[in-house]
Every structure is written in C-alpha cells, then in structure tokens.
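I have placed the structure first, in the form of structure tokens, so that the comments after it can refer back to it.
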Amino acid sequence: IFQADDDGGNSINFVEIITQMEDASAGSRSADLFLKTRTNGSLVSRIGMYDSTTVINDDGADIDFRVESDTLTHALFVQGSDGFVGINNTAPNAQLVVEDERSGSIGTVLFKNTHASVEAGDEVLRVQFSGDNDCTGGHFINFFDSGGSIGTINCASASTVAYVTSSDYRLKENIVD
C-alpha cells in the first residue's frame, strides 16, 4: 500500500499492490496479483493477474488503454468510454478502426490463411449480418475515397448480393454467350 496525505491532512491509499493465494494445494500452487490506483476519489483496478488470465481495467472504469511502439503512440488503443478499439488511431468511432499512412502493396489489413491445401468451405474473411435472415438494403461493404462514396456491395435480397459502382464497364467487358 502506498499512502500519502491529501490537502486536508487525511492519509489516503493512492496505490495498492495486492497478492492472494489462488490455490494452496501442493503441486498446484498459484497466486493472483492486483494493481489498483486512485482515480477520481476511488481505488480502481488497473491490472489483475489471475491464475489463467490477465485483465486490464477489471472494474470497468472509463479508463483508456494504450500500447505504444517505437514509432506509434497508439499502436493499440482501447477507448474506455465505449470499448472501441483503434490500431494507429487515437479516437476510434467504430468497434474497430485501423489506420495506416504507408503506401505499398500489402495494404492496411491482411487476412491470411496459411493452410497448405485449401479445401471446400475454407474461408479467409466472412462479412455477415447475423441478427436478420433477410438483410435486403443492408451494405456489406462501402467503398470511399476522400470525395465520398464510390461503390457498395449490398444485400439485394435474402439470397443475392448487388455490386453497385459508378461504372459497370468492367462487368460488361468480357460478356460471352
């Protein structure tokens, strides 16, 4: 316990490091470790290291979590107020926001299946509306540039997809009867 006096002369626990035995039986001994700090007048769990897991912000306080790299201040960022996650993003406005300023052939996100032999039914990426069996009118993917929307992949009915772009030239180019 780390204590200090507040401006009223009251002795306050500002930081607590707590250990406790999880399992005391021979051959299975394990312990937990907790780190708490005072935030807005209350002691709040920052890190809990349990027998089989490590939890950040176990009390669910509105505290951001950030991991830095050698060049990025927000290599991984979890926004405490809503749980949104940013990768190289300081203020995510969706469940997951990934940003990259580099140019090159890899892209911002790479989904890769390294299975040596692709089999029927293997998937690399699935985009799914899971709460509705007829997603008519929904957009699976929206394509944007700095000027706005340039195309979409829509759910046209309960069983079809529509590819909506500003030009259908590529779809008509190789038509064969």
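Side-chain atoms of Asp145 come within 3.5 Å of backbone N or O of Gly147 as a donor-acceptor pair. Looking at Asp58, its side chain never comes within 3.5 Å of a backbone N or O of Val55 through a donor-acceptor pair. Checking side-chain atoms of Ser157 against main-chain N and O of Ser159 turns up a donor-acceptor pair under 3.5 Å. In this structure a side-chain-to-backbone donor-acceptor pair under 3.5 Å is missing from Ser25 to Ser28. Checked by atom type and distance alone, the side chain of Ser42 never pairs as donor or acceptor with a backbone atom of Val44 at under 3.5 Å. A donor-acceptor pair under 3.5 Å is absent between the side-chain atoms of Asn57 and the main chain of Arg46, judged by distance alone.
Cluster annotation: Leu125 and Ile87 are assigned to the same hydrophobic cluster (Ile/Leu/Val/Met/Phe/Trp/Tyr, side-chain heavy-atom contacts under 4.5 Å, transitive). Under the 4.5 Å side-chain contact rule for hydrophobic residues, Ile1 and Leu35 do not share a cluster. Placement of Phe144 and Ile141 in two distinct hydrophobic clusters is found when ILVMFWY residues are connected by side-chain heavy-atom separations under 4.5 Å, directly or transitively. With hydrophobic clusters built from ILVMFWY side chains whose heavy atoms lie under 4.5 angstrom apart, Val15 does not share a cluster with Ile18. Connection of Leu96 to Phe111 is established within a shared hydrophobic cluster, with ILVMFWY side chains joined at heavy-atom distances below 4.5 Å, either directly or through further cluster members.
Asn13 and Gln3 form a side-chain donor-acceptor contact under 3.5 Å, judged by distance and modelled atom types alone. Under 3.5 Å, the side chains of Thr90 and Arg66 contain no donor-acceptor pair of N or O atoms. Side-chain contact of Glu99 with Asn89: a donor-acceptor pair under 3.5 Å is present, judged by distance alone.
Atom SG of Cys135 and atom CD of Gln128 lie 10.0 Å apart (nearest 0.5 Å). A distance of 6.5 Å separates NZ of Lys36 from CG of Leu43, quoted to the nearest 0.5 Å. Atoms CD and CG, from Glu68 and Leu76 in turn, are 11.5 Å apart once rounded to the nearest 0.5 Å. A distance of 11.0 Å separates CE in Met49 from OG1 in Thr19, rounded to the nearest 0.5 Å. Distance check: Gln79 CD to Phe65 CZ gives 14.5 Å after rounding to the nearest 0.5 Å. For the atom pair CG (Asp5) and CD1 (Ile12), the distance works out to 8.5 Å, reported to the nearest 0.5 Å.
Contact of the Ile153 side chain with the Phe143 side chain is registered, since non-hydrogen atoms from C-beta on lie closer than 4.5 Å. Two residues are said to be in side-chain contact when any heavy atoms from C-beta on lie closer than 4.5 Å; Phe84 and Gln95 meet this criterion. Inter-residue side-chain proximity for Leu33 and Ile17 is flagged as met; some heavy-atom pair is nearer than 4.5 Å.
When every heavy atom of Asp51 is checked against every heavy atom of Ser30, the shortest pair comes out as OD1-CB, 3.2 Å. Counting all heavy atoms, side chain and backbone alike, Pro92 lies closest to Gly86 at CG-N, 3.7 Å.
Within 6.0 Å of the CG atom in Asn133, the count of heavy atoms belonging to other residues, nucleotides or ligands does not exceed 12.
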List the steps, then state whether ring pair (Phe, Tyr, Trp, His ring centres under 6.0 Å) holds for Phe129 with Phe140.
CA-CA 8 Å; Phe129 287 107; Phe140 284 109; 5.1 Å; yes

Determine whether Tyr50 and Phe34 satisfy the following criterion, ring pair (Phe, Tyr, Trp, His ring centres under 6.0 Å), listing intermediate values before the conclusion.
CA-CA 8 Å; Tyr50 301 89; Phe34 305 98; 5.2 Å; yes

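Between Ile56 and the choices Ile47, Ile63, Val78, the side chain to side chain contact (heavy atoms under 4.5 Å, CB included) rule is met once, by Ile47.
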